[in-house]
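Along the sequence shown, residues carry numbers from 1. Computed from a prediction, not measured in an experiment: that's the story for all the values here.
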Amino acid sequence: MAKEPMQVPVYLFLGLLESGKTSVIKDFLSSNKFSGRDKNLIILCEEGETELPEALVKRSRAVTEIIEEPEDFTAGKLAALDREHRPTAVMLEYNGMWKVTDLDDIDLPPGWFIFQVVATVNAETFEIYQQNMKDKIVDCYRYADVIVFNRCDSRTRQQDIRRNIRAVNRRAQVYFESEDPGFFEEEPELPFDFEANPIQVGFDDFGAWFIDMQDHPKRYEGKKIKIAGFVGKIRQNNRVFSVFGRSGMSCCVDDLTFLGLGGTGSIYGGLQAGEKKWGTVEATLYVGYNSSGEPNDFRLQIESFTPEKEPEDTIVYFR
């Protein structure tokens, strides 16, 4: 039997020149998730003003390769790098002037897969690029899981930017970074109306709802909600629990975790331990509190369940 190729996550970094891609890669390399990797391969398709410190590269068990011309960025070249370095993770800093869609036409080496797409944007030049190079900058964040706006200040129109991005990419998590001590990141506008009855949470908005529900439980207590996920029964510590939720991931596959709540309702009557069903529920959210008044139990009383075909990608992405 042929041996299955090792799974190699590829972290794709998108952004125009001087948007901060290399700085974000430095942050990735500095994290514990990457310092313990067997070997990180960093592929640079352009060289900006910021360089990766040699000491950090060495400490992160990484090696860098440069591909400057688009005609050199081929499946054969990537396969050669895979054979030479045998990486356990790949960080690909893609040239911002190259078409992102061209990546679809390139076969990655066996085992390599796009795990996370991070886009970086210079907030100082964002509006100028939107006016004059819209196709290029939109390409940078259309496919991103995470979008980081660098060099923000008090004039950065955060909510306008969020709305702009949401028009083409509702899934991405947006972050604003600044060296200005007086800058603060505004709380994002919710992509759903929590005053509605029921509150209708879109497929890509599960993460925003889950975080806001935990941060502001009184906002949702006793409210009806319509949301997609799976109902199931899990066994834990020799006990069986009825749950509703989805799986979520923050940075790496090791972070995959269940984002869910306890569930009650007739839908659970026919389920066995370990069984789950995907669909949309209409339910009422109840919140339990401990003796200190802190919320410690979130539970959905499910009134109706509409079974649906499980989507190919049900993961909730966080950063």
Colleague: By side chain to side chain donor-acceptor pair (under 3.5 Å), which residues pair with Asp212, not counting sequence neighbours?
Modeller: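 His216, Arg219, Tyr220.
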Colleague: Suppose we screen for side-chain contact (heavy atoms from CB on, under 4.5 Å). Which residues come up paired with Pro181, at least two apart in sequence or across chains?
Modeller: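 Pro181 satisfies side-chain contact (heavy atoms from CB on, under 4.5 Å) with no residue once adjacent residues are dropped.
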Colleague: Kindly compute the distance separating CG (Leu259) from CD (Gln214), expressed to the nearest 0.5 Å.
Modeller: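 These two atoms lie 8.0 Å from each other.
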Colleague: Does Tyr141 have any ring-ring contact (aromatic ring centres under 6.0 Å, His included) partners at least two apart in sequence or in another chain, and if so, which?
Modeller: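 Per chain and number, Tyr141 pairs via ring-ring contact (aromatic ring centres under 6.0 Å, His included) with no residue.
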Colleague: Only counting residues at least two apart or in another chain, list the ones meeting salt bridge (Lys or Arg N to Asp or Glu O under 4.0 Å) with Glu84.
Modeller: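 If we apply the salt bridge (Lys or Arg N to Asp or Glu O under 4.0 Å) test to Glu84, skipping adjacent residues, there are no hits.
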Colleague: side-chain contact (heavy atoms from CB on, under 4.5 Å) with Lys99: which residues, sequence neighbours excluded?
Modeller: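 Expected list: Thr101, Asp102.
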Colleague: Rest of the hydrophobic cluster containing Val8 (Ile/Leu/Val/Met/Phe/Trp/Tyr, side-chain heavy atoms under 4.5 Å)?
Modeller: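 Listed partners: Met6, Val10, Leu12, Leu14, Leu41, Ile43, Val63, Ile67, Phe73, Leu78, Leu81, Val90, Leu92, Tyr94, Trp98, Val100, Leu103, Ile106, Leu108, Trp112, Ile114, Val117, Tyr143.
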Colleague: Can you see whether Thr284 engages Gln301 through a side-chain donor-acceptor pair at a distance of less than 3.5 angstrom?
Modeller: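 Checked: Thr284/Gln301 side chains show no N/O donor-acceptor pair below 3.5 Å.
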Colleague: With sequence neighbours excluded, tell me which residues meet salt bridge (Lys or Arg N to Asp or Glu O under 4.0 Å) with Arg299.
Modeller: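 With neighbours one apart ignored, the set is Asp297.
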Colleague: List for me each residue that meets side chain to side chain donor-acceptor pair (under 3.5 Å) alongside Asp104, sequence neighbours excluded, and say none if there are none.
Modeller: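 With neighbours one apart ignored, the set is empty.
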Colleague: Under the salt bridge (Lys or Arg N to Asp or Glu O under 4.0 Å) test, which residues partner Glu303, sequence neighbours left out?
Modeller: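 Salt bridge (Lys or Arg N to Asp or Glu O under 4.0 Å) list for Glu303, sorted by chain: Lys224.
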Colleague: Output all residues satisfying salt bridge (Lys or Arg N to Asp or Glu O under 4.0 Å) with Arg157, sequence neighbours left out; order by chain, then residue number.
Modeller: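 Testing Arg157 for salt bridge (Lys or Arg N to Asp or Glu O under 4.0 Å), a comparison that skips the adjacent residues, returns Glu127, Asp160.
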Colleague: Thr280: which residues meet the side-chain contact (heavy atoms from CB on, under 4.5 Å) condition with it, sequence neighbours left out?
Modeller: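 Per chain and number, Thr280 pairs via side-chain contact (heavy atoms from CB on, under 4.5 Å) with Lys226, Ala228, Glu308.
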Colleague: Determine whether Val121 and Val148 satisfy the following criterion, side-chain contact (heavy atoms from CB on, under 4.5 Å), listing intermediate values before the conclusion.
Modeller: CA-CA 6 Å; Val121 183; Val148 180; over 6 Å; no
Colleague: According to side chain to side chain donor-acceptor pair (under 3.5 Å), who are the partners of Glu310, at least two apart in sequence or on a separate chain?
Modeller: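 Expected list: none.
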